[in-house]
Structures are given as C-alpha cells and as structure tokens.
Amino acid sequence: MEKMSSEDGDRYHHRHHYSDTDVLGSEKVPHSGPLSGPLNKKVAAGKKTAHFNIPDSSSSKDDRYVEITLDVTADSVAVQSVKAANGGDLQEDPELSLLAKGLEKKSNVVRNASAKIRQVGHELKRLTSFSKKPARFDRTKSAAAHALMGLKFISKNECGHGWEAVEKRFDDITASNNGVLPRSRFGECIGMESKEFALQLFDALARKRKIHGDSIDKAHLKEFWDQISNQSFDARLQTFFDMVDKDADGRITEQEVKEIISLSASANRLSNIQKQAEEYAALIMEELDPDRLGYIMINNLEMLLLQAPNQSVRGESRKLSQMLSQKLKPTYDGNPVRRFCRNTKYFLQDNWQRAWVMVLWIAVMCGLFAYKYIEYQRREDVFKVLGNCVCFAKGAAETIKLNMALILLPVCRNTLTWLRNKTKLGVVVPFDDNLNFHKVIAVGVAFGVAIHGIAHLACDFPRLLHATPDEYVPMEQYFGEQAKSYWHFVEHVEGITGVLMVILMAIAFTLAAPCFRRGRINLPKHLKKLSGFNAFWYSHHLFVIVYTLLIVHGIKLFLTKKWYKKTTWMYLAVPIILYSCERLTRLLRSSIKAVTIQKVAVYPGNVLALQMSRPHGFRYKSGQYMFVNCAAVSPFEWHPFSITSAPGDDYLSVHIRTLGDWTRQLRTVFSEVCQQPTNGKSGLLRADSVHGTNIPDFPRVLIDGPYGAPAQDYKKYEVVLLVGLGIGATPMISIVKDIVNNIRAMEEEEEEEKSSGIEKGNGVNKTNSTSPSSKRKENFKTRRAYFYWVTREQGSFDWFKGIMNEVAEMDRNHVIELHNYCTSVYEEGDARSALITMLQSLNHAKNGVDIVSGTRVKSHFAKPNWRSVYKHIAVNHNNSRVGVFYCGAPALTKDLRQLASDFSHKTSTKFDFHKENF
C-alpha cells in the first residue's frame with residue numbers, strides 16, 4: 001500500500017467548501033462537487049490514501065482527520081480501510097465506525113469504474129461531512145466575507161427605528177381587531193414595500209413555528225422580527241431557504257425554485273425574468289444538482305452565495321485608494337477668513353469662465369446705469385421736478401436695452417455651433433452655459449423693468465401731477481399742459497406700449513418656469529393647456545410683439561426728442577438681424593434636407609426610435625443634437641433631440657421619450673403604421689421600409705441641425721466619464737459608438753501605414769506627421785471611457801440593446817467600461833434580490849448574457865455610489881484630466897458637480913463637469 005506524506009495529505013484536506021477547482025498536485029481540475037475532480041482523474045493502479053477533515057472544534061488537531069485507503073485498479077475501486085489519521089481506532093466514535101463499515105461493504109470491486117467512482121464520492125462526502133457539528137464552508141476568503149453581508153430582509157430605509165417602530169405600527173393596525181395582525185398587513189407592519197414577498201416571508205416564518213391561520217399576535221410578531229433582523233448569516237440563510245422550501249421537507253425542488261424566481265422578479269419589477277422563470281429554474285438546478293437528484297439542499301445555496309465575485313483592489317491600488325479616502329475626508333477650518341479664502345479659490349478654479357463673463361456683464365450694466373443716471377442728474381430742468389426718480393428710471397431703461405439685445409445671442413444656435421467648432425473661443429467662453437446665460441439675462445430684464453416701471457408709475461408721474469404751475473413750466477415742452485389725471489400718462493403711446501410689454505413678458509416668464517414648462521403644476525382641467533411645452537413654446541414667440549412694442553416705445557419718448565438720442569433701435573438692430581438670419585437658415589435648411597424614415601420602433605417605457613436617411617452634406621459630431629418637426633402633429637413646432645447614431649453611420653437616429661403633448665401625439669402617429677415585431681427583434685412595435693415587404697406610409701419628418709452641445713467636446717480628454725439617466729443616455733450612446741469606431745480606425749490606419757511603409761529610415765518604417773493616423777490622434781485624444789447608464793425599468797435596456805452588444809463585441813481592447821444600473825431592483829445584499837444576483841452570475845457565466853438587460857453587459861442593482869465611481873477613476877488615472885459628461889434629471893447635477901470639484905481639489909486627477917442643457 002502506498003502511503004502519502006503528510007505534506008501530500010495536507011493537500012487533500014477536505015474542509016467541505018466549494019471553489020471553482022480542486023487541486024490535485026499542481027494541476028487544477030474543474031468540478032461540480034467537492035470530490036469529483038480528484039476521483040474522476042485517471043490514476044495508476046494501486047492503493048491510495050488521503051486525509052479528509054471532519055470539522056469539530058472539540059477535537060484535537062490530529063483527531064480531526066480520517067485516513068481512507070482505496071484499492072484502485074484499472075477497472076475497479078474498493079475501500080481498503082478507514083481509520084483515524086493519528087493511528088487511533090474509530091471505535092471511540094460508534095457512529096463514524098458504523099458509517100465506515102457501511103462504506104467498506106458498499107464499495108466492492110465493480111465493473112463500471114466511472115459509475116462506482118461517483119458512488120464512492122457520494123459516500124466519502126457523507127463520511128467526511130458527518131460529525132457532531134454541521135460542516136461549514138470556508139468563510140475566510142474576501143468573496144465569502146463580502147457575501148456574508150447579504151440576505152438582508154429589511155433595508156435601512158425600511159427598518160426605521162427597529163422594533164419600536166414595528167411595535168407602534170402593530171398597535172395602530174390592530175387597534176380595531178383585538179391585537180391580532182392579519183397576514184395581509186404583515187408587510188405594512190414590518191415596513192416591507194413588496195407585499196407578495198412579505199406574504200411568502202410570513203408563511204415561511206409561520207410554517208417553521210407550526211402556526212396555522214392567517215393572523216398572529218404581538219408575541220409571535222416579536223419572534224418573527226427577531227429572526228428577520230438577525231444579523232447572523234446562517235439565520236438569514238435558513239430563513240431564505242424556508243421561504244423556498246414550501247413543503248418544509250428540507251429539500252428544494254425545481255418547481256419551488258421556479259416559484260421563488262417569479263416572486264423575486266415580481267418584487268423587483270423584472271417582468272422579463274418572470275416570463276422565463278421556468279428556464280432559469282432549470283439553469284439553477286443544472287448547476288446545483290449535477291447528479292440530477294431532483295432537489296437541492298441548504299448547503300448548495302450557501303455555496304452559491306459564498307462564491308460571489310471578488311472585485312477588491314490590491315497592492316498599490318489599494319494603498320492609493322486608502323490615501324484618497326484620507327484626503328477626501330471633510331475637514332473643518334476654524335478660521336473663517338482662511339476658510340472663505342479657500343472656498344473662493346476653489347470656486348474661481350471651477351467657474352473662472354462663468355465668472356469673467358458675469359463680471360463683464362454686470363460691469364457693463366453698472367456702467368450704462370451710471371452713465372444715464374449722471375446724464376439726467378445734470379439736466380437741471382428735468383431733475384428739479386422729477387429728482388432721482390427719473391435717474392433711476394432712465395438708468396434701468398438703458399440696462400433693459402442692453403439685455404433685450406443680449407438675450408437673443410445665446411439662442412442663435414447656428415452661430416454658437418460655428419464658434420464652438422471653428423474657433424478657439426471655447427477655451428475662455430462657456431458655450432455650454434448658453435441657456436443658463438439666457439435665463440440670467442431674463443432675470444436682469446425683469447429687474448430692469450421693475451425698477452423702470454416703479455420709478456415712473458410710483459414716483460415720476462405723481463410728481464408731475466402735484467407740481468406747482470411754476471415748477472411745471474420746464475415740463476410743458478415734453479408733456480404739454482399739466483395733466484389732471486394719472487391716466488393721462490398711461491393712455492399715451494408710451495404708456496400703452498409699456499403696459500403691454502410688461503403683460504406679455506409676465507406671461508412668457510411665468511410659462512417658462514420649470515413647474516409650468518414640465519407640466520408639474522396641478523391646474524384645473526380647463527386650464528391644463530397653460531402648462532406643458534406647447535404653452536412655453538407659443539408664449540415665448542410673443543417676443544416678436546414685445547420687440548415691436550419696445551422699438552415703438554423707444555421712439556416715442558417723453559423726455560428725448562433728438563433721433564440720435566433714441567438708441568433703442570441701435571441696441572437691437574444687430575441681434576435681431578442675426579436671429580432672423582438664424583430662423584431663415586433653419587427654414588431653408590430643413591426644407592432642402594429632406595429625410596426618409598427607414599425604421600421605426602416603439603419600446604417599453606414610452607420610447608419611440610426613429611431611423612432616417614442621412615441628408616447629403618449633413619456632418620455632425622457625437623453628442624450633438626438636432627431639431628425634429630412632424631407636420632402631422634404640428635407644422636410649427638420644432639423639438640430638440642440628441643443624435644444617437646455615430647458620425648460613421650450612414651443613417652441618422654433619435655430616441656424620443658413620451659413626456660408631453662407633442663411627443664405623445666408623435667408616438668401615436670407612428671404607432672399606427674407599426675406592427676408586432678417578428679424574428680426575435682426588440683421593441684413592442686416595429687416598422688421597416690428598408691427590409692420589409694410592405695413599405696409603410698410614414699408621416700413626413702423635417703430635421704434641422706446639427707447643433708453644438710457640451711458632450712461633443714469629449715475628444716479633448718484622454719479619459720471620459722459618461723453618465724446618462726434614463727433617456728439621458730442618448731448622447732452618450734453616440735459617443736460610445738464613436739469612440740470604438742475611432743480607435744478601430746486608428747488601428748487600421750496604423751497597420752496600413754506599417755505595411756505600406758509611408759516613410760522609411762534606417763530600415764525602420766516611420767510615420768509621417770501628416771499621415772491620417774497622426775491627424776486622427778491630434779483630434780481624438782480619448783483612450784479610456786466609463787459609461788454609466790442608470791434607468792428605473794428593465795424594459796429600458798431594450799432601447800439600445802443592439803448598440804450595447806455591438807460595442808461590447810467591437811471593443812476588443814476593453815477601452816470602454818460599460819455599467820448598466822437598474823434601480824427597480826433592490827440593492828445588493830437584500831434578500832429580495834439575492835436569487836436574481838445568483839441567477840445573473842450563473843447565466844452570464846454560461847451564456848454570456850445578462851438576465852436583466854438582455855445584453856452582454858452585466859447589470860448592477862439599485863443606484864451607483866458616485867463617490868466610489870469617482871474614486872475608482874482617480875485611483876486608475878493619476879495626474880489625468882477627466883471629462884465628466886452628464887445628461888438626465890437635474891437632481892443629480894449638483895452631486896456630480898460637487899464630487900468633480902472635491903476630487904479635483906484634493907487629488908492629482910482633475911475632473912471637468914459638463915451637463916447637457918438643451
């Protein structure tokens with residue numbers, strides 16, 4: 001008999017834990033159980049001895065091992081002997097001895113070696129796992145330690161103040177039914193949102209305690225709560241197992257797995273998984289029940305949980321991460337002067353472009369105000385009667401002229417796009433803030449109108465009415481005979497135009513407020529049309545009337561008679577001409593550049609995707625947007641949408657989410673010509689005029705653009721962080737495709753240059769500075785991209801499923817790190833998403849497809865930890881400048897901008913934050 005050395009024996013110590021491989025010597029053998037690897041290996045004939053660990057804390061080190069000697073021949077296996085490793089007798093443990101004898105009897109020489117090897121494996125599993133204390137998996141690994149935090153039934157947000165809050169809710173609920181809590185309100189009482197999951201949890205806890213009926217008292221509720229909130233992983237695992245094991249036989253069948261998958265999918269609002277529950281149940285059984293016993297045990301679930309992937313950083317990255325954490329800890333400076341100086345420095349570093357523009361604008365306004373104030377202060381005839389009131393009115397009027405001229409410039413999109421693309425002004429001028437500046441100027445106009453109107457109506461006109469005849473004499477040349485009534489001034493052209501302008505401006509300003517524009521304000525039914533984008537769009541076009549009235553008002557001045565002193569038209573001439581040319585260009589370009597709709601798809605989440613022909617000469621950059629008009633909905637309305645196709649594509653595409661009247665009508669119009677998809681194509685409805693047999697009659701669509709947007713500047717950065725919330729992913733999708741296309745094009749150009757030998761020197765090929773690859777490298781600096789797409793619904797992933805798979809396949813060098821987040825799924829570690837997590841890992845490992853998104857990109861659950869995202873990038877890209885581009889709801893803007901500022905100030909990585917504003 002061949003004996004193995006103690007060193008070799010240690011190699012075989014079986015601690016009843018599962019891993020991806022079992023080690024035999026220095027060779028790794030894949031397996032599905034703890035012993036199948038070594039025993040399934042072909043070995044030379046002879047007798048082999050191995051040590052197996054029996055976990056028992058009460059045993060000494062040597063007594064914890066059993067020595068089993070096997071007689072292995074070419075076609076048979078037999079158990080020769082079973083004894084303690086220290087040479088002791090097994091008679092001291094009658095139960096173990098009995099099993100050993102049974103094993104020896106059952107393991108006679110057999111003809112079919114492979115079948116009996118499996119049988120011996122099962123017997124050895126039974127033998128080595130039998131002890132006075134149940135076997136435990138190795139939980140010392142980092143992956144296991146991470147998984148031990150899982151299977152929480154109550155989240156932090158739900159648990160409130162613990163038992164006190166639950167007890168209070170119990171008292172409130174049971175006040176009218178004699179202190180008995182019905183099963184239907186168990187979830188409400190413990191604070192669990194998902195009602196179906198709460199009902200199954202109730203049944204499991206009641207079944208364990210043999211409680212019959214659909215109600216419990218406070219004592220039982222306390223027991224339930226103690227088990228639910230138990231921090232022990234074993235207790236949580238047992239509770240979860242009991243939920244699945246509905247017949248309480250200690251085994252989980254495939255049907256029970258299917259039911260818990262459906263329940264978990266329902267709790268997490270994952271309808272697609274719910275429909276495929278049977279298929280996924282079979283996948284789990286295939287993995288956890290390789291011997292096809294028809295059931296799985298609790299240790300199988302533990303194995304799956306404790307083998308969660310470990311993604312911790314190591315070595316230098318870990319040290320750097322810890323250093324960053326220390327640097328980023330908030331520190332309070334007790335010196336207010338030093339604190340103010342530091343905050344001011346940080347503010348100017350982050351906002352110097354905005355700062356100089358705002359300072360210049362305010363300085364010009366102050367200068368014009370002071371100029372007019374002093375001018376009228378020196379006009380003794382006027383100042384003697386009207387005093388400082390007229391100075392304030394005329395100073396404010398001068399700022400109104402300036403602002404009414406400037407307010408048109410930020411919306412001259414063609415001009416701004418040309419300046420952004422063709423000049424270097426973008427270095428010092430914040431073109432990204434054009435709409436913000438437009439709004440700031442509007443506030444300046446409102447203040448100017450208020451000062452001008454109040455000074456005239458509340459001060460100047462009353463002074464003229466109450467002036468003595470002698471005091472009024474100098475005013476007769478301007479106002480004629482002294483007025484007897486206040487309305488004398490209002491009913492003149494100056495008064496009428498002024499009042500009308502104030503009314504129209506008030507309407508436009510009010511309907512442009514976010515609560516009105518986005519339809520958030522709750523108005524009576526007959527006033528509903530006063531909110532929404534349509535109301536905003538039409539009210540804003542009242543500016544044509546306002547500018548006409550302003551010019552008339554500026555000509556018919558009371559106190560100015562010389563034409564060259566009436567400067568209103570001088571301020572407005574250039575901006576009005578420029579804006580008029582812009583609108584004319586849009587009209588001509590949209591009518592000349594006709595597009596043909598090629599494909600239409602209606603996706604879950606009320607998203608309409610339009611793919612259209614690309615007009616000749618239509619050049620754009622990823623991240624830009626264009627205006628879309630559909631005469632079948634409204635011949636006058638134009639709405640901006642990000643271009644989701646890449647510049648290298650031979651078509652244009654946009655994805656439009658139904659949020660208002662116009663988009664709702666557009667979806668309805670196109671849905672009428674769509675049909676149910678065939679051949680496994682995504683979408684609820686589809687229509688195709690390229691490959692289809694019956695060409696649908698699509699409505700006529702006009703486009704205008706492209707127009708510049710912040711995201712188009714991503715090429716300036718070597719590292720970019722792209723963040724899209726919901727439909728806000730549209731500009732980022734185009735960028736992701738463009739990055740892959742550019743990198744692939746550069747690789748192909750470099751290969752061509754090397755093969756053709758553009759320039760040869762000393763026998764080595766050199767690349768000319770004017771070669772295509774060199775030019776592309778100058779214009780395209782991006783070498784790494786991180787894309788985070790956060791969406792609420794699982795169906796949203798259908799919008800860009802094809803593009804995500806295409807990028808994942810094309811990105812062979814892993815330039816782009818793709819992250820999909822589904823916020824409807826409970827966070828990692830929650831019992832309600834535990835099975836989804838297991839299933840996701842299994843399916844992705846086997847089929848390479850994520851069960852949540854349906855793409856090759858593995859999804860994450862709940863919301864991202866944005867601080868960790870920034871930290872990860874800072875750790876991996878020291879001394880780099882990172883472009884952060886965000887498109888989505890305004891709520892996240894502040895957090896992302898603040899994090900960009902914090903990491904830029906406290907680390908060597910600089911983050912430049914940009915937000916889409918159109």
> With ring centroids as reference points, do F383 and Y376 lie under 6.0 angstrom apart?
Replying inline: no
>> How about CD on Q377, more than 12 heavy atoms from neighbouring residues, nucleotides or ligands closer than 6.0 Å, or not?
In response: yes
> How far does CD1 of I400 sit from CD1 of I451, to the nearest 0.5 angstrom?
Replying inline: 8.5 Å
>> Test your reading of the model: is there a side-chain donor-acceptor pair from S539 to the backbone of L511, 3.5 Å cut-off?
In response: no
> Who pairs with C389 by disulfide bond (SG atoms under 2.5 Å apart), at least two apart in sequence or on another chain?
Replying inline: C459
> Do V654 and T730 pass the side chain to side chain contact (heavy atoms under 4.5 Å, CB included) test, and can you show the C-alpha distance, the side-chain angles, and the key distance before you say yes or no?
Replying inline: CA-CA 8 Å; V654 291; T730 49; over 6 Å; no
>> Let me confirm one number: the CG-OG distance from N878 to S908, rounded to the nearest 0.5 Å.
In response: 4.5 Å
>> Taking the basic N atoms (NZ, or NE/NH1/NH2) and the acidic carboxylate oxygens, is any pair closer than 4.0 Å for D704 and R413?
In response: no
> Under 4.5 Å between any side-chain heavy atoms of Y625 and P731, yes or no?
Replying inline: no
> Is there a donor-acceptor contact under 3.5 Å from the side chain of W356 to the main chain of V428?
Replying inline: yes
> For K621, which residues count as a side chain to side chain contact (heavy atoms under 4.5 Å, CB included) partner, sequence neighbours excluded?
Replying inline: N421, Q624, Q712
> With sequence neighbours excluded, what pairs up with T782 under the side chain to side chain contact (heavy atoms under 4.5 Å, CB included) test?
Replying inline: Y714, V720, I739, F780
> Which residues satisfy the side chain to side chain donor-acceptor pair (under 3.5 Å) test with T423, sequence neighbours excluded?
Replying inline: none
>> Show the nearest heavy-atom pair for residues A405 and L409, with the distance to one decimal.
In response: O-CG, 4.1 Å
> Which atom names give the shortest non-hydrogen contact between E637 and Y538, and what distance separates them?
Replying inline: OE2-OH, 3.7 Å
> Once you round to the nearest 0.5 Å, how far does CG of N434 lie from CG of L419?
Replying inline: 11.5 Å
>> Run V382 and M475 through side chain to side chain contact (heavy atoms under 4.5 Å, CB included) and show every step you take.
In response: CA-CA 7 Å; V382 176; M475 297 293 101; 4.1 Å; yes
Under 3.5 Å, sequence neighbours excluded: what are the donor-acceptor pairs made by side chains of residues 436-447?
| residue | atom | partner | partner atom | Å |
| --- | --- | --- | --- | --- |
| N436 | ND2 | D433 | OD1 | 3.1 |
| H438 | ND1 | I407 | O | 3.0 |

>> Just so I know, are the side chains of T417 and F431 near enough to count as touching, which here means a heavy-atom distance under 4.5 Å?
In response: no
> Do the side chains of K565 and L557 get nearer than 4.5 Å, heavy atoms only?
Replying inline: no
>> Any donor-acceptor pair under 3.5 Å linking the side-chain atoms of Y373 with those of R378?
In response: no
> Can you name the nearest heavy-atom pair linking E491 to I496, along with the distance?
Replying inline: O-CD1, 3.4 Å
>> Run the side chain to side chain contact (heavy atoms under 4.5 Å, CB included) test against P474 and tell me which residues pass, sequence neighbours left out.
In response: D381
> How far does CE of M501 sit from CE of M404, to the nearest 0.5 angstrom?
Replying inline: 8.0 Å
> Can you name the nearest heavy-atom pair linking S634 to N629, along with the distance?
Replying inline: O-ND2, 3.3 Å
> Out of curiosity, T568 OG1 to Y547 OH, how far, rounded to the nearest 0.5 Å?
Replying inline: 12.0 Å
> Could you give the distance from CD (Q353) to CG (D432), rounded to the nearest 0.5 Å?
Replying inline: 8.0 Å
> Quick check: are there more than 12 heavy atoms from other residues, nucleotides or ligands sitting under 6.0 Å from CZ of F392?
Replying inline: no
> Would a distance-only check, ignoring hydrogens and angles, find a side-chain to backbone donor-acceptor pair under 3.5 Å from R463 to V385?
Replying inline: yes
> By side chain to side chain contact (heavy atoms under 4.5 Å, CB included), which residues pair with K894, not counting sequence neighbours?
Replying inline: none
>> I'd like to check the side chain to side chain donor-acceptor pair (under 3.5 Å) partners of D460; sequence neighbours left out, ordered by chain and number.
In response: H456
> Would you call V882 and K910 a side-chain contact if the rule is heavy atoms closer than 4.5 Å?
Replying inline: no
> Just by distance, do the side chain of E916 and the backbone of A709 share a donor-acceptor pair under 3.5 Å?
Replying inline: no
> Does any non-hydrogen side-chain atom of Y886 lie less than 4.5 Å from one of L892?
Replying inline: yes
> Considering only heavy atoms from C-beta outward, does the side chain of L721 approach that of V869 to under 4.5 Å?
Replying inline: yes
> Heavy atoms, side chains only, cut-off 4.5 Å: are F885 and F913 in contact?
Replying inline: no
> With a 6.0 Å cut-off on ring centres, are F536 and F516 close enough?
Replying inline: no
>> Applying side-chain hydrogen bond (donor to acceptor under 3.5 Å, both in side chains) as the test, list every pair that has at least one member in residues 570-579; sequence neighbours left out.
In response: E398-Y571, Y579-R583
> Within a radius of less than 6.0 Å around CZ of F340, do more than 12 heavy atoms belonging to other residues, nucleotides or ligands occur?
Replying inline: no
> Is it the case that more than 12 heavy atoms not belonging to Q477 sit under 6.0 Å from its CD atom?
Replying inline: yes
>> Holding to side chain to side chain donor-acceptor pair (under 3.5 Å), I want the full list of residues that pass it with Q665, two or more places apart in sequence or in another chain.
In response: none
> Are T567 and K401 linked by a side-chain donor-acceptor pair shorter than 3.5 Å?
Replying inline: yes
>> Apply ring-ring contact (aromatic ring centres under 6.0 Å, His included) to residues F627 and Y707 and explain how you reach the verdict.
In response: CA-CA 9 Å; F627 281 84; Y707 292 105; 5.5 Å; yes
>> Using the side chain to side chain donor-acceptor pair (under 3.5 Å) criterion, which residues pair with Q898? Sequence neighbours excluded.
In response: D902
> Do any N or O atoms from the side chain of T909 and from the backbone of H877 form a donor-acceptor pair under 3.5 angstrom?
Replying inline: yes
>> Taking the side chain as everything from C-beta on, heavy atoms only, tell me whether H452 gets closer than 4.5 Å to T399.
In response: no
>> Under the rule for salt bridge (charged side-chain N to carboxylate O under 4.0 Å, His left out), what residues qualify as partners of R881, not counting sequence neighbours?
In response: D912
> For S880 and E718, what are the C-alpha separation, side-chain angles and deciding distance, and is it a side-chain hydrogen bond (donor to acceptor under 3.5 Å, both in side chains)?
Replying inline: CA-CA 8 Å; S880 298; E718 290 189 0; 5.2 Å; no
>> Give me the atom names and distance for the closest heavy-atom approach of P710 to K915.
In response: CG-O, 3.3 Å
>> Ignoring hydrogens, what is the shortest heavy-atom contact between D738 and S622? Give both atom names and the distance.
In response: CB-OG, 3.1 Å
>> Test your reading of the model: is there a side-chain donor-acceptor pair from H466 to the backbone of P462, 3.5 Å cut-off?
In response: yes
> When you look at CH2 of W487, are more than 12 heavy atoms from neighbouring residues, nucleotides or ligands closer to it than 6.0 Å?
Replying inline: no
>> Check whether H914 reaches the backbone of V884 with its side chain - one donor and one acceptor, N or O, closer than 3.5 Å.
In response: no
